[in-house]
J.: 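Dropping the structure in here first, questions after.
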Amino acid sequence: MTEPKENPLMEKIVSLCKRRGFIFQSSEIYGGINGFWDYGPLGVELRKNIRDCWWNDMVRQRDDIVGLESSIIMHPKVWEASGHIGGFNDPMVDCKVSKQRFRADQLFFAPVIIDRKIVGYVSALESETTAAEMQEQAEKFKRKKAIQGKLEPVQPRDFTEAKSEEIPLIPSPATGEPGSLTPPRAFNMMLQTYVGALRDESAVAYLRPETAQGMFVDFKAIVDTGRVKIPFGIAQVGKSFRNEITPRNFIFRSREFEQMEMEYFISDEDDWAKWHRYWIDWCREWLVKAGIPAAQLSEYNHPKEKLSHYSKGTTDIMFQFPFGVQELWGIAARGNFDLSQHAKFSGEPMEYFDDVAKRKYVPHVIEPAVGVDRIMLAILCSAYCEDQAPDEKGKMESRVVLKFAPRIAPIKVAIFPLLKNKPELVEKAKAVRDLLRPHMTVFYDEAGAIGRRYRRQDEIGTPFGLTIDFDTLGEKGDELKDTVTLRDRDTMKQERVKISELLQLLLPKIR
RNA sequence: GCGGGCGUAGUUCAAUGGUAGAACGGCAGUCUUCCAAACUGCACACGAGGGUUCGAUUCCCUUCGCCCGCUCCA
């Protein structure tokens, strides 16, 4: 099967997002900056709705979850404790020929020394037999080059110790030939900055790569002041930053992104699998409520051998994006690793005293973590739709519609006077706009033909359109006076509704 | 980070070694009687930098960005 070289659907969505003011490339007038995006007038409404829905469902409608907004820049030790500095800051070595990448500390090399003279180098990847392998290579090397003399035993060193003049002489483990390896380069995922006026090592700080650590670091403060009892959760929405090597797929993976994370603390004796399942189901239901069809969702369980050593299990809710099935929402059982680490690094005990069980323990945690940006992209992709609609003369034309769930649509209702050159219509339409505006996002439009205005709203996913016509003014008698047509985005059907009943009709539909 | 492809209006495309056209969209106006009507007018582009050249949007180099594949994604 050949992979499609292009992705027409994705291109259409990207171009619609730009055309209608959802998403722009950041700093575009300067040529753009890779991995950063701006959200325009409609994008910002959509994101706000996503955040608000999540916050409402996750925090406000529950007794057991409280909110938090921690700072983006935290004490650098936070990232030592979390493992982001120590464990994931490994220098990497690339082989320019085979395109393989190795961790420098797992790549070993040694000079081949005959009669006290270095005649070449051998290399091997870390394994139980690295030393033996390299000794064998050295002997083979000696035979091949037909060099006489005494071969000294090889002494493997890892690549982080390679001197710059040695690097071109060390063979790549992939090809066996020297000259293709790059010097070790650090791939630190965290964005760095300096706090304070001095730009020295002591001032280095990091932009958080996840919001989660804020919840762990403030765990004690919340337990002490929040009147919370296990099981309970701490939720946070905020920006995070990662130096992704390859930002790709529109806003799917960016360097600045917004997370919605929740840490749900449970007893160390609780059945974590039960809570894990509970949160997976909760997240799936939430996505469906946000308008994503259940049929486009699936689950992926991370294989045990790929899990971090502290994780008991991670399940990703996957979404069928136009560019493939990709991770949307990760639900991780993190054990009590994070709290224990912070206890260790800060010296502050992170134990919870359980009034019911009458004992102390370090709680375990289940973490549903999702990106606002990813949800936004999934919503855009599943909402995008092209169908057929009749034009003025009844001829079928293709129509682009974003079928957003009304609760997350940027604009809930658009209001039109049938004609703009009739002051009575305009005045009445503006009165209807003012009536609804305190309760929902509205958009007033009087430009062009009515059909065009409907189509414009279809393209930005506005679920309802209201048109004020001559009947509204009472031209056909009192029966229709002060009624308007309410037009449905998806069916394009219209019904006649009394202005006085609009609010009670619309409000339940947009919740 | 590597390899391949590509950068011309808001979008989709065209042309050209002598500085660019269209369609759709946008804005304003005339006109309107419920699904992208018509007419008129207006605004808007050669991603950036350097080189070759009398002259570069066009050729070359660099860079930035986008797409596809690999890699990476704690």
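Below, chain A is the first sequence line, B the second, and so on; all start at residue 1.
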J.: I want to check a possible cation-pi pair here: A:Arg374 against A:Phe252, using under 6.0 Å from ring centre and within 45° of the ring axis as the test.
T.: yes

J.: A:Asp387 versus A:Lys403: any side-chain heavy-atom pair under 4.5 Å?
T.: yes

J.: With a 3.5 Å cut-off and heavy atoms only, can you find an N or O donor on one side and an acceptor on the other between the side chain of A:Tyr454 and the base of B:rC34?
T.: yes

J.: Do the ring planes of A:Phe319 and A:Phe321 sit parallel (below 30°), tilted (30 to 60°) or perpendicular (above 60°)?
T.: perpendicular

J.: Work out how far the P atom of B:rG26 is from that of B:rC46, and round it to whole angstrom.
T.: 23 Å

J.: Would you say A:Lys422 places a side-chain N or O within less than 4.0 Å of OP1 or OP2 belonging to B:rU33?
T.: no

J.: A:Ser15 has a side chain; which of B:rC34, B:rG10, B:rU12 sits nearest to it?
T.: B:rU12

J.: For A:Lys493 and B:rC34, give me the distance from atom NZ to atom C1', rounded to whole Å.
T.: 16 Å

J.: Closest approach to the side chain of A:Met492, judged atom by atom: which nucleotide of B:rA74, B:rC35, B:rG10 is it?
T.: B:rC35

J.: Rounded to whole angstrom units, what separation is found between the CZ atom of A:Phe464 and the C1' atom of B:rC35?
T.: 17 Å

J.: If we take the C1' atom in both B:rU40 and B:rU8, what is their distance in whole Å?
T.: 28 Å

J.: Confirm from the modelled atom types if A:Arg248 and B:rG69 form a donor-acceptor pair under 3.5 Å, side chain to base only.
T.: yes

J.: Have a look at A:Gln388 and say if it touches a base, only the backbone sugar-phosphate, or nothing, with a 4.0 Å heavy-atom cut-off.
T.: nothing

J.: Looking only at the side chain of A:Ile450 (C-beta and beyond, no hydrogens), which of the listed nucleotides B:rC35, B:rA37, B:rC34 gets closest?
T.: B:rC34

J.: Between B:rC34, B:rU33, B:rA36, which nucleotide gets closest to the side-chain atoms of A:Leu419?
T.: B:rU33

J.: What distance, rounded to whole Å, do you find between the two C1' atoms, one in B:rU57 and one in B:rC13?
T.: 16 Å

J.: Can you find a side chain N or O atom of A:Lys420 that sits less than 4.0 Å from OP1 or OP2 on B:rG29?
T.: yes

J.: Just call it for A:Phe252: base, sugar-phosphate, or nothing, with non-hydrogen atoms closer than 4.0 Å on any strand.
T.: nothing

J.: Looking at B:rG26, I'd like to know if its phosphate oxygens (OP1 or OP2) sit under 4.0 Å from a side-chain N or O belonging to A:Arg456.
T.: yes

J.: It should be established whether A:Asn421 places a side-chain nitrogen or oxygen under 4.0 Å from OP1 or OP2 of nucleotide B:rU30.
T.: no

J.: Indicate whether any N or O donor in one side chain lies under 3.5 Å from an N or O acceptor in the other, for A:His84 and A:Gln213.
T.: no

J.: Pick the P atom in B:rA45 and in B:rU11, then give their distance to the nearest Å.
T.: 12 Å

J.: Whether A:Arg19 contacts B:rU12 is assessed here as follows: a side-chain N or O lying under 4.0 Å from the phosphate OP1 or OP2. Is that the case?
T.: no

J.: I'd like the P distance from B:rG41 over to B:rG5, given in whole Å.
T.: 44 Å

J.: Using a heavy-atom cut-off of 4.0 Å across all strands, would you classify A:Arg453 as base, sugar-phosphate, or nothing?
T.: nothing

J.: Quick check, are the ring centers of A:Phe24 and A:Trp37 under 6.0 angstrom apart?
T.: no

J.: Output the single nucleotide from B:rU33, B:rA74, B:rC34 whose closest atom is nearest the side chain of A:Asp469.
T.: B:rC34

J.: Send over the distance from A:Met10 CE to B:rG69 P, rounded to a whole Å.
T.: 13 Å

J.: State which residue, out of A:Asp434, A:Asp482, A:Asp471, A:Asp469, fulfils the salt bridge (charged side-chain N to carboxylate O under 4.0 Å, His left out) condition with A:Lys428.
T.: A:Asp482

J.: Between A:Gln25 and B:rC66, is there a contact of a side-chain N or O with OP1 or OP2 at under 4.0 Å?
T.: yes

J.: On RNA chain B, check which nucleotide each of A:Phe323 and A:Tyr30 is closest to and give me the residue with the more 5' one.
T.: A:Tyr30

J.: Under 4.0 Å, counting only non-hydrogen atoms across every strand here, what does A:Asn34 touch: a base, just sugar-phosphate, or nothing?
T.: sugar-phosphate

J.: Check whether the side chain of A:Arg399 and the base of B:rC35 form a donor-acceptor pair under 3.5 Å.
T.: no

J.: Any side-chain N or O of A:Arg452 under 4.0 Å from OP1/OP2 of B:rG26?
T.: yes

